[in-house]
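Reviewing the structure listed below.
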Amino acid sequence: MDILAGLNPAQKEAVQQVEGPLLILAGPGSGKTRVITQRIAYLIKTTGVNPRRIMAVTFTNKAAREMKERLQKLLGQVAENISAGTFHAICARILRQDGKPLGIDPNFVIYDEDDQQSLVKQCLQDLDLDPRQYNPQKIRNAISFAKSQHLTPSGLGGQSSSHWDDIICRVYERYQEQLGQSKAVDFDDLLMKAVQLFEKHQDVLERYQSRYLHLMVDEFQDTNITQYKLIRLLGGRHRNVCVVGDPDQSIYSWRFADIRNILSFEKDYADAKVLMLEQNYRSTKNILEAASCVISINKKRKHNNLWTANTEGAPVFMIKTYNEQEEAQFVVSEILKLTGSDGIKPGGCAVMYRTNAQSRAVEEAFMRYGLKYKLIGGMKFYQRREIKDVIAYLRVLHNPFDNISLSRIIKIPGRGIGAKTLSDLTNWGRDNHLSLFAALQAVSGGGGPGFGARISAALSGLYRMLNDLIVESQQLSIVKLIDALLDKSGYRDCIRGEDDGEERWENIQELRTVAVDYDELPPGEGLSPFLEQISLVADTDEIESREDTTTLITLHQAKGLEFPVVFMVGMEEGLLPHRRSMEAGGDELEEERRLCYVGVTRAEQQVYLMHTARRSIFGASSESTPSRFLDDIPEHLVERKGLSGADEHSIGRTEQREKRWSDDDEGNNIADLLARKAQALQPPKELIVLNPGDRVRHTKFGDGQVIGIKPSGNDKEVIIAFEGSGVKKLLLSMAPLEKI
């Protein structure tokens, strides 16, 4: 197999440059994942490097999964020996294997953001600080920022300059103590403690430096200070450090990513080779030129000449609508048109926006017209209450010292144990330097705070039940363990007795499906990797491509994805660029421009840049100003449209637009336009006869009752109260309804 086959000259050079530090500047759609995987294959097949001596680091599970799949195709079983994964997954592995010198228990649990928030609140209570005065979320963010800068509580204290800083330091110190007592780490600890391990224990560092001859890092522009230190330490001996990234796609400063890492790489590695991947394989020439014009204004960047051999393609569509409802309805209308006549699948379309709040109007339009969509960044599967509850049980069985998880389940299901009992037990344990589980054990043995007979019996019963399950966790597969805890805890009956119990029970069954993958491991050995894997799942890891389902996603989450058609809604001052960046200016405004660049370059064939005359958001309605980024795109690349498809310049003054859009007598309102457009694209359909009070069944929303019907052009809008999905407004001609 020719490893270099199909690569362009720049890609070939990047693959064959295997000695010394290497910076690969890879523009969007330039095939960087292919270059990374081909480079690994080249190292193994051509230069004879042992796969165990290669580490490849990515930022998302999705990217790691894609890399592993490609390496399997190129190398076969040999690929299993490569250390490939996300920063967090690789560091978790290092700490489980070698973290004991830092006092890290190999069975540590990983706290997510909810757990961290709960722990911060507990710390505030321990320190007699009022959470109404000291916002737990802000404190959690401050602690996360400190860890991203590799600052311990004492290190942060050395930089303290205000009363607020002092509060952060006190809470941070207590927070770390509590993590240690619970044998837990948070996401930032995975990185920070790995660096601390290498800095404080030279023998451990030398072992890893000796093993890894080659180190490759994807999305290097997204690294923070702690991650950068980790890379420098791991690659400090052989210096075969290859980093791949694009400063123009650095959009995560709010996650404490530091663009200086990639911009300064050549200073830190004076002998570094720099290669540019400038050929784009994804987008049309018009899309690529438009994106390049937007990003060229920025000063903090590495200049590149991104180009493509693709066709010119369609112009960049700039769409102005009256408000956010009409903006969303235009998106629906255009998707209907594209999927009806242009051969585009609904799954090939994505709607992107700057803030999560903007999805509301888009979701309503999709539901009204019966279009399927997938909302990325909504309620994540692993954040649902019932899933968090079951996972909390499993975490306690794996690590009884996990105070946060035990605090969650101690009252679920109800056992006659109230908030005061939990508080008294927690405080007694703290005063006696005992974990919550040890305090529970003391009560079971007749000790503890001296509760009454009823409460003592409830706490003792809980302890015995958990202790029995801990024993069974070493004997059962994960699936059987989940079944056992659901049965013995009473959680199964509790959840199925709720109004929405069946839906929640289905989610628990889905968790069992995930657990099946770990049933092949010997009893007692599957729980730790299962808990670790689900702790490291991100929003974008749950994206599944379906031909009939359009993706709704924020611009931040869209990086790394691509779609034939992209709709960027809310291209207005205050949204993109966001008002906070407009106030701050400088670096923050440059990042907003990079965010716009990322959005445009997700599109392969068509991109719609949309803005409104007025917008209601965050509880207020006001006139909108088109985003300054729209002005950076040359007119020869643009086709402007209003709702009716007319040239924007022909629409006239604002008051004339308002009259045209609100003049129902002439049939020019958006509902009529969309109804006619949708009807023209669909084959004639005989409408079922419905009346208020009729019972109906929808293929997606289930059973419901008609509560209203009104004309909508040549169609009818039917309003239905669904039993499990609430009230929906649907077009009768398009909705898959059955009268029952």
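All values below were derived from every heavy atom in this structure, side-chain atoms included, with hydrogens, water molecules and symmetry-related copies excluded. For clarity, every value in this text was computed on a predicted model and none was experimentally measured.
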Sequence-distant partners of Glu113, side chain to side chain contact (heavy atoms under 4.5 Å, CB included), two or more places apart: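 Residues passing side chain to side chain contact (heavy atoms under 4.5 Å, CB included) with Glu113: Arg140.
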With sequence neighbours excluded, residues passing side chain to side chain contact (heavy atoms under 4.5 Å, CB included) with Asp517: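 Side chain to side chain contact (heavy atoms under 4.5 Å, CB included) check on Asp517 returns nothing, list empty.
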Are the charged groups of [X] and [Y] less than 4.0 angstrom apart, N to O?
{"X": "Arg385", "Y": "Glu498", "result": "yes"}
{"X": "Lys183", "Y": "Asp105", "result": "yes"}
{"X": "Glu66", "Y": "Arg70", "result": "yes"}
{"X": "Asp126", "Y": "Arg170", "result": "no"}

Rounded to the nearest 0.5 Å, what separation is found between the [atom1] atom of [X] and the [atom2] atom of [Y]?
{"X": "Leu129", "Y": "Ile167", "atom1": "CG", "atom2": "CD1", "result": "5.0 Å"}
{"X": "His698", "Y": "Leu737", "atom1": "NE2", "atom2": "CG", "result": "5.5 Å"}
{"X": "Ile707", "Y": "Ile719", "atom1": "CD1", "atom2": "CD1", "result": "6.0 Å"}
{"X": "Gln72", "Y": "Ile82", "atom1": "CD", "atom2": "CD1", "result": "9.0 Å"}
{"X": "Leu440", "Y": "Leu422", "atom1": "CG", "atom2": "CG", "result": "10.0 Å"}
{"X": "Asp189", "Y": "Tyr175", "atom1": "CG", "atom2": "OH", "result": "7.0 Å"}

Are the side chain of [X] and the backbone of [Y] linked by a donor-acceptor contact shorter than 3.5 Å?
{"X": "Thr550", "Y": "Pro346", "answer": "yes"}
{"X": "Ser118", "Y": "Asp114", "answer": "yes"}
{"X": "Ser148", "Y": "Phe145", "answer": "yes"}
{"X": "Asn399", "Y": "Ser182", "answer": "yes"}

Could you tell me whether the side chain of [Y] reaches within less than 4.5 Å of the side chain of [X], counting heavy atoms only?
{"X": "Leu561", "Y": "Lys62", "result": "yes"}
{"X": "Ile376", "Y": "Thr554", "result": "no"}
{"X": "Leu190", "Y": "Leu536", "result": "yes"}
{"X": "Val57", "Y": "Gln227", "result": "no"}
{"X": "Tyr393", "Y": "Leu466", "result": "yes"}
{"X": "Glu80", "Y": "Lys68", "result": "no"}
{"X": "Leu434", "Y": "Trp428", "result": "yes"}
{"X": "Gln116", "Y": "Ser144", "result": "no"}

Walk me through it: do Glu364 and Arg360 pass the test salt bridge (Lys or Arg N to Asp or Glu O under 4.0 Å)? CA-CA 6 Å; Glu364 288 177 355; Arg360 177 190 58 81; 3.4 Å; yes
Where is the tightest heavy-atom contact between [X] and [Y], given as atom of each residue plus distance?
{"X": "Leu406", "Y": "Val396", "result": "N-CG2, 3.6 Å"}
{"X": "Gly416", "Y": "Arg454", "result": "O-NH1, 3.5 Å"}
{"X": "Ala515", "Y": "Phe530", "result": "CA-CE1, 3.7 Å"}
{"X": "Leu197", "Y": "Leu102", "result": "N-CD1, 3.6 Å"}
{"X": "Leu552", "Y": "Tyr353", "result": "C-OH, 3.3 Å"}
{"X": "Pro153", "Y": "Tyr172", "result": "N-CE2, 3.5 Å"}

In chain order, what residues pass the salt bridge (Lys or Arg N to Asp or Glu O under 4.0 Å) check against [X], with sequence neighbours excluded?
{"X": "Arg132", "result": "Asp130"}
{"X": "Lys193", "result": "none"}
{"X": "Lys739", "result": "Asp694"}

Around atom CZ of Arg52, are there more than 12 heavy atoms of other residues, nucleotides or ligands at under 6.0 Å?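 Atom CZ in Arg52 is not crowded, with 12 or fewer foreign heavy atoms closer than 6.0 Å.
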Neighbour count above 12 (heavy atom, 6.0 Å) for Glu520 CD: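 No, the 6.0 Å shell around CD holds no more than 12 heavy atoms from other groups.
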Do His398 and Ser473 pass the side-chain contact (heavy atoms from CB on, under 4.5 Å) test, and can you show the C-alpha distance, the side-chain angles, and the key distance before you say yes or no? CA-CA 8 Å; His398 175 62; Ser473 71; over 6 Å; no
Just to verify, what does [X] make a side-chain hydrogen bond (donor to acceptor under 3.5 Å, both in side chains) with, not counting sequence neighbours?
{"X": "Ser405", "result": "Arg395, Asp402"}
{"X": "Asp222", "result": "Lys559"}
{"X": "Glu177", "result": "Arg174"}
{"X": "Asp431", "result": "none"}

Identify each donor-acceptor pair in which a side-chain atom of residues 481-490 lies under 3.5 Å from a protein atom, sequence neighbours left out, and give them as a table.
unit_1	atom_1	unit_2	atom_2	d
Asp483	OD1	Arg512	NE	2.8
Asp483	OD2	Arg512	NH2	3.1
Lys488	NZ	Glu472	OE2	2.1
Ser489	OG	Leu485	O	2.5
Ser489	OG	Tyr491	N	3.1

What verdict does the side-chain contact (heavy atoms from CB on, under 4.5 Å) test give for Phe187 and Asp112, after you've listed the backbone C-alpha separation in whole Å, the side-chain angles of each residue and the deciding distance to 0.1 Å? CA-CA 7 Å; Phe187 287 113; Asp112 63 17; 4.0 Å; yes
Which ring-ring contact (aromatic ring centres under 6.0 Å, His included) pairs, counting each pair once, include a residue from residues 105-129, with sequence neighbours left out?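 Sorted pair list comes back empty.
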Stepwise side-chain contact (heavy atoms from CB on, under 4.5 Å) test for Asn224 and Tyr252: CA-CA 10 Å; Asn224 60 33; Tyr252 295 126; over 6 Å; no
Passes side-chain contact (heavy atoms from CB on, under 4.5 Å), Val195 versus Phe198? Steps please. CA-CA 5 Å; Val195 173; Phe198 291 149; 5.9 Å; no
Kindly list each side-chain donor-acceptor pair under 3.5 angstrom involving residues 457-465, sequence neighbours excluded, with atom names and distances?
unit_1	atom_1	unit_2	atom_2	d
Ser460	OG	Ser456	O	2.8
Tyr463	OH	Gln441	NE2	3.1

Quick one: are the ring centres of Phe59 and Phe87 less than 6.0 Å apart?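 Yes: the rings meet the under 6.0 Å criterion.
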